[in-house]
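Below is one structure, written out as structure tokens; the observations come after it.
Atom set for the values below is all heavy atoms of this structure, side chains included, hydrogens, waters and symmetry mates excluded.
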Amino acid sequence: MVSEGCRHFDDMCNGQPGRLDEAVEFIRKMPLKPDAGIWAALFHACKIHSTVELGEKTANILLDLQPKKGYYVLMLNMYAEAGRSEDAASNQRRDTTC
């Protein structure tokens, strides 16, 4: 059953962009607390599908769970690819002041 659930989650994340909301709902209803691997899969799907707003939320969760990982840089890249250079610059400045 866990394997089927993981496969379903993978299908939602790697399928059509509209299924990402379904993936978020799936995460919320998981009987266990989702770990960084689950959030990372969703984050990467957001990057693939250029879903910046959900990517921001997911990146913040990942940064709380694993602050030393490279999700921050990936989020900056997502902003740049979406033409949101002002957000990328703003967040880059904020990172250097910490």
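Closest approach of L62 to A40, counting heavy atoms only: CD2-N, 3.7 Å. Looking at every heavy atom in both residues, Y71 comes nearest to F43 through O-CZ, 4.1 Å. Of all non-hydrogen atoms in D35 and L65, the two that sit nearest each other are C-CD1, 4.3 Å.
Checked for salt-bridge contact, E25 and R19 miss the test: no charged N lies under 4.0 Å from a carboxylate O.
Counting heavy atoms from C-beta on, the side chains of K47 and E81 come closer than 4.5 Å. Counting heavy atoms from C-beta outward, V52 and C46 have side chains that stay 4.5 Å or more apart.
With rounding to the nearest 0.5 angstrom, the CG atom of L54 is 5.0 Å from the CG atom of L42. Separating the CG atom in L20 from the OG1 atom in T51 is a distance of 5.0 Å, to the nearest 0.5 Å. Taking CE of M75 as the reference point, atom CZ of R84 lies at 6.5 Å (rounded to 0.5 Å). The line from CD1 of I27 to CD1 of I38 is 6.5 Å long, rounded to the nearest 0.5 Å.
One hydrophobic cluster, built from ILVMFWY side chains closer than 4.5 Å, cannot hold both L63 and V73; they sit in different ones.
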